[in-house]
Amino acid sequence: MKIIVDVEGCDYPEKMVGGCIDSAKAHPDYTIVIVGRKETVNKVYSGGLNNIEIVEVEDAVTNDDVPTRVIRQKPDSSLVRAFTILKENDDAIGIVSAGSTGAVLTCATLIIGRISKSLHRPVVTSLMPTKIDGKLVCIADAGSTMDALPEYMAQYAIMGSVYMRASFGIEKPRVGLLSVGTEEKKGDERTKAAHALIKELPVNFVGNVEAREALSGDYDVIVTDGFAGNVLTKAVEGTAKFVMTKLKEAIMGSASAKFGYLFMKKAFNSVRSAMDYHRYDGGAFLGVNKIVLKSHGSSNEMSVRVSVDRIVSMYENKVIDGIREGIASTVVKSAETNEEE
């Protein structure tokens, strides 16, 4: 089986290549296909691994490109070539890219295609750590559809539940709906309509959740629209950076603090590790026919390794089949008309 990695269009292409090498060593039964410029790959990889393939390109998609035009305007870019390889090869199971989010989602939807006509919108997810050691929470949507309708969000609950159950072994993932209060009637009209739809679905819906409780460990999936989900994810990342910066300043601020740090070094390193978003990188784009992971623009070797590990897990646990079955077996009606979409 092949896993495709687009190494261009991000902040550190060479680190992406390094992550591919680490992943190939960790998964000898899978072939890692690196799609990128020759000079990028050659800076890091000089051969020697039988389960690495190189596909050379001369172009890349940037954040300045219009996402909906990249397929037509840049067919030989690393991103479009990578998705084309994924679609045309039955033994290609998934892709990792740290490039333009909009372009990745466009290619996934138009080249790979949705799993079902019954699916309103695919959803990009984000995994974040919680206060319970080793436990993650899935944010769906983390930025794919800014103005998601309630029926879209209801299907996010289904896909997020399947993802967390199959990938992390959670028997009944607890699904929360992001709102401004825990009461059922709190939130804007869209959130209240989504609440009414989700509570009728065969998911373990536990009601509304406020943003301050997102990392409590009491939820496995948090459903929201792409705007609020993206703001939540980036706010958490920014807060983590702020906390670590202030801790470092406090430690370096006095001799006594530096001395105390010697006794607390292990604890501080544990906190730093838990707050490192690279350890949870690789947002799964759920609802398309193959596994698509959108990695952070500043991805490093660890990010790629984590993403490849997740693709292997999702493939072996048949996440795509589970989502397809979940969407096919559940009718989500329009919140406004109460008629099937």
Side-chain angles (χ1 to χ4, degrees), residues 120-145 148 150-188 190-226 228-233 235-236 274 277 279-280 282-287 310 313-314 317-327 329-332 335:
H120 296 299
R121 291 288 190 281
V123 61
V124 65
T125 64
S126 175
L127 293 173
M128 296 195 298
T130 70
K131 69 178 183 181
I132 299 176
D133 190 34
K135 180 174 175 51
L136 302 176
V137 61
C138 171
I139 309 300
D141 182 2
S144 55
T145 302
E151 48 265 39
Y152 301 178
M153 295 162 69
Q155 288 188 333
Y156 297 168
I158 297 171
M159 291 189 283
S161 293
V162 172
Y163 176 44
M164 295 302 284
R165 181 169 58 251
S167 295
F168 299 97
I170 303 171
E171 185 176 353
K172 292 183 178 180
R174 293 164 296 177
V175 178
L177 177 65
L178 188 65
S179 189
V180 295
T182 58
E183 299 86 351
E184 183 173 344
K185 298 302 180 181
K186 284 291 183 74
D188 58 11
R190 174 176 55 180
T191 302
K192 288 185 283 188
H195 190 289
L197 291 175
I198 297 172
K199 73 177 184 179
E200 299 298 325
L201 297 176
V203 299
N204 184 19
F205 183 47
V206 294
N208 288 346
V209 53
E210 295 182 278
R212 64 185 175 188
E213 298 300 324
L215 306 186
S216 66
D218 295 331
Y219 307 90
D220 302 300
V221 180
I222 295 179
V223 173
T224 181
D225 64 279
N230 191 270
V231 170
L232 172 63
T233 301
V236 169
Y277 62 82
R279 296 180 62 224
Y280 319 103
F285 189 48
L286 306 177
R310 188 159 300 129
S313 175
M314 291 176 70
N317 288 289
K318 300 181 179 180
V319 170
I320 301 295
D321 291 340
I323 290 174
R324 185 179 289 110
E325 292 170 4
I327 294 297
S329 64
T330 307
V331 175
V332 176

Asker: Can you find a side-chain donor-acceptor pair between T233 and N230 that sits under 3.5 Å?
Answerer: no
Asker: With a 4.5 Å cut-off on side-chain heavy atoms, are M153 and L177 touching?
Answerer: yes
Asker: Can you tell me how far apart OG (S161) and CZ (F205) are? Round to the nearest 0.5 Å.
Answerer: 10.5 Å
Asker: Let me confirm one number: the CG-CG distance from D141 to D225, rounded to the nearest 0.5 Å.
Answerer: 7.5 Å
Asker: Taking side chain to side chain contact (heavy atoms under 4.5 Å, CB included) as the definition, give me every residue that meets it alongside D218, ordered by chain and number, with sequence neighbours left out.
Answerer: S216
Asker: How long is the gap from CZ on R174 to CD1 on I222, to the nearest 0.5 Å?
Answerer: 10.5 Å
Asker: What closest approach, in Å, do V124 and G283 show between heavy atoms, and which atom pair accounts for it?
Answerer: CG2-O, 4.3 Å
Asker: Mind checking side chain to side chain contact (heavy atoms under 4.5 Å, CB included) for E200 and listing every partner two or more places apart, or none if nothing turns up?
Answerer: none
Asker: Check this for me: does any side-chain nitrogen of one of E183 and K185 sit under 4.0 Å from a carboxylate oxygen of the other?
Answerer: no
Asker: Do V175 and N204 come within less than 4.5 Å of each other through their side chains, counting heavy atoms only?
Answerer: no
Asker: For the residue pair G187 and K192, what are the closest heavy atoms and their distance?
Answerer: O-CE, 3.5 Å
Asker: Quick one: do K135 and D220 make a salt bridge, cutoff under 4.0 Å?
Answerer: yes
Asker: Side chain of E151, backbone of H120: donor and acceptor closer than 3.5 Å?
Answerer: no
Asker: How many angstroms lie between atom CD1 of I320 and atom NZ of K318, to the nearest 0.5 angstrom?
Answerer: 13.0 Å
Asker: So how far is it from T224 OG1 to L232 CG, rounded to the nearest 0.5 Å?
Answerer: 7.5 Å
Asker: Ignoring hydrogens, what is the shortest heavy-atom contact between P150 and R190? Give both atom names and the distance.
Answerer: CG-O, 3.7 Å
Asker: Do you know which two heavy atoms are closest between T125 and A140, and how far apart they sit?
Answerer: CG2-CB, 4.0 Å
Asker: Can you find a pair of side-chain heavy atoms, one from V123 and one from Y163, that are under 4.5 Å apart?
Answerer: no
Asker: Would you give the length of the straight line joining atom CD of E213 to atom CG of L215, rounded to the nearest 0.5 angstrom?
Answerer: 9.5 Å
Asker: How close do I198 and A154 get, counting heavy atoms only, and between which atoms?
Answerer: CG1-CA, 3.8 Å
Asker: What pair of heavy atoms forms the shortest contact from V319 to S167, and how long is it?
Answerer: CG2-OG, 3.6 Å
